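Keep in mind that this is a model prediction, so the values were computed, not measured. All chains are named by letter (A, B, ...) in the order of the sequence lines, taking the proteins before the strands, and each is independently numbered beginning at 1. Any value given below was found using the heavy atoms of this structure, including those in side chains, with hydrogens, waters and symmetry copies removed.
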Number of protein chains: 2
Amino acid sequence: MSTHAQHAPHPTGLAQKLADSGLRSTPQRELVYDVLLTKRDHPTADEVFARVKPELPGISLATVYNCLETLVQCDLVRAVNFERGPTRYCPNLCPHAHFHDEATGQTHDIDLPPVLFAKLRAELPAGFDANAVEITFRGKAKTSSN
Amino acid sequence: MSTHAQHAPHPTGLAQKLADSGLRSTPQRELVYDVLLTKRDHPTADEVFARVKPELPGISLATVYNCLETLVQCDLVRAVNFERGPTRYCPNLCPHAHFHDEATGQTHDIDLPPVLFAKLRAELPAGFDANAVEITFRGKAKTSSN
DNA sequence: GTTGCGCCTTAGAATCATTCCAATTCGTTG
DNA sequence: CAACGAATTGGAATGATTCTAAGGCGCAAC
Ligand SMILES: [Mn+2]
Ligand SMILES: [Mn+2]
Ligand SMILES: [Zn+2]
Ligand SMILES: [Zn+2]
């Protein structure tokens with residue numbers, strides 16, 4: 001199988017979401033987004049750069065950083081941080097937690113029932129108004145997947 | 001009122017916990033720990049350095065980093081990270097979440113019922129064994145407290 | 001009470017992800 | 001086509017943290 005569909009339109013309206021923010025759709029932005037959707041293993045900017053370069057040899061690391069920031073700004077991907085390590089990027093938009101495997105360094109998505117997020121928010125004392133909650137597990141995963 | 005009790009023994013067995021790990025109690029380690037206990041506002045290493053220097057002018061930033069790491073290793077303080085910002089340090093040992101105020105940059109402790117932590121852990125799929133959960137809220141705090 | 005030895009501290013260099021900058025290129029509009 | 005701002009690029013700069021090498025200090029054995 002090939003690595004990427006050559007001319008497939010993007011699953012969602014990438015161009016649309018960009019336009020909504022007054023931004024242009026560029027080959028670099030499309031490819032960076034495509035790479036994130038294709039292999040959802042929470043790659044770092046460097047890893048995205050490595051995956052993107054073969055298809056667009058002229059792209060620069062600075063541009064990868066720019067594209068990633070743009071995608072985050074447009075709410076197309078989430079930036080995920082774990083203990084000062086390099087930022088990772090996640091195209092999974094529905095609320096979820098992350099499990100960081102200490103043994104392999106891999107980051108896994110953990111789906112949580114929305115009610116749990118609600119219960120967490122409900123615990124905030126008066127005066128605290130959260131517009132985001134982040135949940136991270138750390139430990140060992142015995143899964144034989146990936 | 002004075003900033004620090006001059007010769008007060010530390011609230012908990014700092015020397016003891018250090019000894020348990022085969023480490024010595026030093027003036028630097030005691031002072032760094034004291035500073036964390038005295039003002040529990042989740043200071044960064046730089047901020048700890050600034051608070052410690054007046055009382056121990058010869059101390060170096062490297063030593064502050066060393067002491068903080070030692071205290072974390074001995075489970076006397078927690079390291080708290082938020083979005084690639086500098087690591088902050090928290091002497092509150094009971095499980096709790098953090099609220100990061102976007103407006104002021106302040107970090108607040110949020111106590112959560114242990115049952116909530118348990119419910120979160122219970123959501124982990126089979127094969128995932130977490131030995132730590134981290135919960136961070138981000139938003140605005142309207143509290144008039146510090 | 002000296003010596004030996006390992007733990008600690010220290011200053012400064014090195015690291016590394018990320019950001020900044022200035023210059024060029026590209027797209028779109030007039 | 002000409003003009004203009006948006007986007008990309010390579011390289012320099014940043015900033016928190018870590019590393020390194022060199023001294024100092026505390027404690028135990030002699
Ligand atoms: Mn990165
Ligand atoms: Mn710091
Ligand atoms: Zn994710
Ligand atoms: Zn705390």
Check: B:L61 side chain: which of D:dT9, D:dT17, C:dT18 is closest?
Finding: D:dT17
Next item on the list: For A:G85, report the nucleic acid contact type (base, sugar-phosphate, nothing); a contact means any heavy atom under 4.0 Å.
Entry: nothing
Notebook entry, point to check: Of the nucleotides C:dT18, D:dT9, D:dA16, which one has an atom closest to the side chain of A:R84?
Noted result: D:dA16
Next item on the list: First locate atom SG of A:C90, then atom CG of A:N92, and finally report the distance between them rounded to the nearest 0.5 Å.
Entry: 5.0 Å
Item checked: Spacing of B:N66 atom CG relative to D:dT20 atom P, expressed in whole Å -> 13 Å
Check: C:dA14 C1' sits how many Å from B:Y65 OH, rounded?
Finding: 14 Å
Notebook entry, point to check: Nearest nucleotide by nearest heavy atom, which residue falls closer to the 5' end of DNA chain C, A:N81 or B:L23?
Noted result: B:L23
Notebook entry, point to check: Is A:K142 salt-bridged to A:D101, cutoff N-O under 4.0 Å?
Noted result: no
Checklist line | Rounded distance (Å) that lies between atom P of C:dT10 and atom CZ of B:R29 | finding: 11 Å
Checklist line | Protein-nucleotide distance (A:E83, atom CD; D:dT17, atom C1'), rounded to Å | finding: 14 Å
Next item on the list: Quickly work out the A:F49 CZ to D:dG11 P distance and round it to whole Å.
Entry: 12 Å
Next item on the list: Please list, chain by chain and in numerical order, all residues satisfying side-chain hydrogen bond (donor to acceptor under 3.5 Å, both in side chains) with B:T26, sequence neighbours excluded.
Entry: none
Next item on the list: Starting at atom CG of B:L56, determine the distance to atom P of D:dG24, rounded to an integer number of angstrom.
Entry: 17 Å
Check: When you check the phosphate oxygens OP1 and OP2 of D:dA7, does a side-chain N or O of A:T63 lie under 4.0 Å from one of them?
Finding: no
Check: Listed by chain and number, what are the side-chain hydrogen bond (donor to acceptor under 3.5 Å, both in side chains) partners of B:N81, not counting sequence neighbours?
Finding: B:T87
Notebook entry, point to check: Is there a side-chain polar atom (N or O) of A:S60 under 4.0 Å from OP1 or OP2 of D:dT9?
Noted result: yes
Note to self: Suppose we screen for ring-ring contact (aromatic ring centres under 6.0 Å, His included). Which residues come up paired with B:F49, at least two apart in sequence or across chains?
What the structure shows: none
Check: Would you say C:dC7 has OP1 or OP2 under 4.0 Å from some side-chain N or O of B:T26?
Finding: no
Note to self: So, using ring-ring contact (aromatic ring centres under 6.0 Å, His included) as the criterion, who are the partners of A:H42 when residues are at least two apart?
What the structure shows: A:H98
Next item on the list: Tell me, please, which residues at least two apart from A:T63 pass side-chain hydrogen bond (donor to acceptor under 3.5 Å, both in side chains).
Entry: A:S60
Item checked: Rounded interatomic separation in angstrom, taking CD from B:E30 and P from C:dC8 -> 13 Å
Checklist line | Whole-Å gap separating P (C:dA17) and OH (A:Y89) | finding: 12 Å
Item checked: Options C:dC8, D:dT8, C:dC20, nucleotide nearest the side-chain atoms of A:A62 -> C:dC20
Checklist line | B/S/- contact track for nucleotides 23-30 of chain C, protein heavy atom under 4.0 Å | finding: ----S---
